[in-house]
Structures are given as structure tokens and as C-alpha cells.
Amino acid sequence: MKRKTGKNYYELLDVTPASTVEDIEVGYRQALKIYGGNSDAVYSLYSNEERESMVKAIKSAYETLTDPEKKHAYDSEIMNEEEEDTPEVDIEELTSAAGNRQASRPIGFENVRNCVRLKRPFPLESLDPLITEQYRILCSRIEDAGRRNNSKVFAVTSALKGEGKSVTCMNAAYVMATEFRKKTAFLECDMRKDSTAVNYLEEPNVPGLSDVLRGDKELHGAISRVEGTSLYVLPSGNSGKRASELLGSSGTKKVMDALRTGFDCVLIDCAPVLGLVDMNIISRFVDGVVFVVRAKKTGKDFVAKAAGALKGVNVIGTVLNGADFKFTKYYY
Ligand SMILES: Nc1ncnc2c1ncn2[C@@H]1O[C@H](COP(=O)(O)OP(=O)(O)OP(=O)(O)O)[C@@H](O)[C@H]1O
Ligand SMILES: [Mg+2]
């Protein structure tokens with residue numbers, strides 16, 4: 001049963017129906033650490049009201065799942081609801097209309113031939129589970145925004161360089177593809193500098209956005225699928241001084257249009273806002289922006305200035321990167 005939080009009790013505590021009471025207690029404590037009032041959430045994406053309702057749901061999940069009678073009643077309730085939720089299957093439709101089913105899905109990148117392996121995991125995999133949960137929150141925010149107004153293209157930016165845009169964007173794209181099961185494109189747009197994404201790929205010499213915008217490569221021949229996932233990556237390529245010129249060219253719109261048609265979700269790792277024209281260009285093509293602020297590093301003035309520059313742009317959330325978790329030694 002999906003509660004107001006969008007998760008059932010098992011999902012809320014990150015346990016399964018077979019988990020022991022001890023596991024449920026661990027899950028309960030972890031969940032409270034994330035959403036409880038004393039924790040410094042890495043991402044300030046939930047309002048206080050939402051966090052309170054999450055905590056209420058977590059407590060009620062704990063009470064239910066640790067009481068055998070309540071748990072039994074809850075399990076039956078879930079099973080009934082799942083049956084009700086399961087749409088009736090029209091066998092004829094299933095056997096004859098595979099193509100029709102596909103039509104409601106984004107099309108256009110099924111034949112991508114480039115397949116890359118991750119040389120080392122995206123940063124996410126080495127992170128504390130509590131941090132991973134923050135990425136899930138970010139992705140559910142992105143997903144909610146998408147559901148509300150059919151938005152699917154989002155830029156990740158910050159006031160200054162080095163605030164964690166790439167790390168945030170790569171991790172969010174990875175979670176979107178692997179956990180939220182969305183066909184996701186990760187597009188690296190900052191062509192002034194060497195690609196960050198290629199450091200994670202086993203084959204670093206893959207084409208990039210700059211090759212496409214220069215007309216040296218077709219988008220379909222340049223983008224690569226990460227093996228075993230529905231994540232597609234187009235690194236920036238390095239175009240040095242021609243970066244703004246290339247980004248401002250008509251090719252950018254074509255790339256954005258093609259990605260919008262072909263994917264459930266497009267996450268764009270951008271250059272910083274201040275001092276560069278890039279976000280002025282990119283914001284024309286996106287449905288929303290995720291704004292990253294590096295805790296204890298970016299001055300308020302810079303954040304305010306960048307927020308001013310993004311006026312009129314739909315900022316769907318702010319990620320406070322590097323906030324202290326009081327309860328963990330990890331720092332990210
Ligand atoms: N919370 C953090 N704690 C420690 N290191 C971090 C954290 N966030 C990012 N970093 C590190 O800081 C560096 C900059 O991060 P990242 O490349 O994601 O920033 P960026 O905003 O994309 O930078 P740029 O503007 O240069 O593209 C990287 O080496 C990254 O591993
Ligand atoms: Mg970057």
C-alpha cells in the first residue's frame with residue numbers, strides 16, 4: 001500500500017516482509033536519522049511539513065511491522081491492493097501489439113551501438129547508504145516534477161566551479177536509471193574543460209557533445225549506453241575556446257530535442273552560472289534546474305547572485321553538498 005509518502009511501509013524502512021524485528025529496528029533508526037528533525041539532510045529538498053509527515057509514516061510503519069498481528073493484517077491489505085492495482089491483461093493486445101506498447105515509451109535510441117563499462121563505479125557506489133537515500137529523494141523530486149507537468153529535461157548547475165555539480169548529476173542519473181528504471185540520458189555540457197564523466201568509463205576515448213555540435217559525429221553514434229543499465233552517457237568532449245560558440249549553435253537545439261523525445265529523463269551537467277553564458281543558453285531547453293551549493297564553501301553573496309541570474313528559471317530544488325551528517329563519519 002502506497003502511503004501519502006509514495007512508499008509502502010517496507011520501502012519506508014528499507015526492509016522486506018521477511019526481515020527480522022532487529023532488521024526492522026535498524027531500518028527504523030536509519031529512516032528516522034534521515035528524516036528526523038535532528039538530522040542535517042544533505043539536500044534541502046523536503047519542506048518541514050513533508051518531513052514531519054514522513055516521520056509520522058515511519059513511526060506508524062515501525063509500529064505495524066513489529067507487531068505480528070498488525071503486520072499480518074497489513075500484508076494482506078497490501079496483497080489485495082496489489083491485485084486491484086494490477087491491470088487486466090488483454091492477451092490479444094499483449095501478443096499482437098508489442099510495437100504499440102513501445103509507442104508510449106520514448107523511442108529513438110534503441111539502436112545505439114556504443115556500449116561502455118564503468119571503469120570504477122559512479123561515486124554513488126562508494127557512498128554511505130544514508131547519502132544514497134538523499135539521491136533517492138532528489139530523484140523522486142525530479143520524478144514528481146516530471147509527473148506534474150511532463151517535465152523531463154533538467155540542468156544541474158551551481159554558482160561557482162567545483163561545487164559538486166558533476167558528482168550530483170552523475171549520481172542522480174545513475175539512480176534514475178538503475179533504481180527508478182527510467183531511460184536516462186546524462187549529458188555533460190561544460191565543453192570548456194576536460195570531461196569528468198570519462199574518468200568513470202573503461203573506454204575514455206568516446207565521442208562527446210563537442211564532436212556532435214561540430215558536425216563530426218551523429219548524436220546516435222556518439223552517445224554510449226552504460227552496460228547493463230538504461231543509462232546513456234554523452235560526455236562533453238573538449239572544445240576549449242569554442243565552447244560558447246558551439247553551445248549557442250543551432251545543433252544544441254537539435255540535440256536537446258532528440259534527447260527529449262528519446263528519453264524518460266535527461267540530466268545535464270552544466271557549467272557554473274556566474275561569469276559564463278552557458279546557463280543562459282541551456283535554460284532555454286530545460287524544464288527545470290537543480291542548484292548545487294557547496295556547504296561551507298560558497299559565500300552567500302555568490303549564491304544570491306547566481307539565484308538572481310536564474311530568475312525566471314524553474315529551480316526545482318537546491319542540493320546542499322558537503323553538509324555535515326552529525327551521525328556519520330562520512331562527509332559528502
Ligand atoms: N561533498 C564533497 N566532499 C568531498 N569532495 C567532494 C564533495 N563534492 C564534490 N567533491 C569533489 O570536489 C571536486 C569537484 O566536484 P565536481 O567535479 O562534482 O564539481 P563541479 O561543480 O562539477 O566542478 P566544475 O565546475 O569544475 O565542473 C571533485 O574532485 C569531487 O570529487
Ligand atoms: Mg563539473
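Each ligand, and each atom within it, is numbered from 1 in the order the structure gives.
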Report yes if Leu160 has an N/O atom closer than 3.5 Å to an N/O atom of ligand 1; otherwise report no. no
Show the atom names and distances, to 0.1 Å, of all donor-acceptor pairs under 3.5 Å that link a side chain in residues 301-311 to residues at least two apart or in another chain.
none

Exactly one candidate in Leu267, Leu118, Val226, Val175 meets side-chain contact (heavy atoms from CB on, under 4.5 Å) with Leu231; the answer is Val226
Per-atom filter on ligand 1: closer than 4.0 angstrom to a heavy atom of Asn321 are 1 (N), 2 (C), 7 (C), 8 (N), 9 (C)
Are Asp287 and Arg260 within salt-bridge range, i.e. N to O under 4.0 Å? yes
N/O donor-acceptor pair under 3.5 Å between Glu179 side chain and Met176 backbone: no
Would you call Arg117 and Glu203 a salt bridge, using N to O less than 4.0 angstrom? no
Counting from 1 in the order shown, the ligand 1 atoms closer than 4.0 Å to a non-hydrogen atom of Lys161 are 25 (O), 26 (O)
Among protein atoms, how many N/O/S atoms lie less than 2.8 Å from the Mg ion (ligand 2)? 1
Could you tell me if any non-hydrogen atom of Met170 lies under 4.0 Å from any atom of ligand 1? no
Ligand 1 N/O within reach of Ser166 N/O, cut-off under 3.5 Å: yes
Using a 4.0 Å cut-off to any heavy atom of Glu163, which atoms of ligand 1 qualify? 19 (O), 20 (P), 21 (O)
Check whether more than 12 heavy atoms from other residues, nucleotides or ligands sit under 6.0 Å from atom NZ of Lys71, and answer yes or no. yes
Would you say the ring centers of Tyr232 and Phe186 fall short of 6.0 Å from each other? no
Between Asp278 and Arg192, is there a salt bridge with N-O shorter than 4.0 Å? yes
Is it the case that the side chain of Glu202 and the backbone of Val116 share a donor-acceptor pair, with hydrogens and angles ignored and the cut-off at 3.5 Å? no
Donor-acceptor check, side chain of Asp67 to backbone of Thr64, threshold 3.5 angstrom: yes or no? no
Heavy atom to atom 2 (C) of ligand 1, shortest distance: which of Lys193, Lys297, Arg294 holds it? Arg294
What are the atoms of ligand 1, with element, lying closer than 4.0 Å to any heavy atom of Gly162? 19 (O), 20 (P), 21 (O), 23 (O), 24 (P), 25 (O), 26 (O)
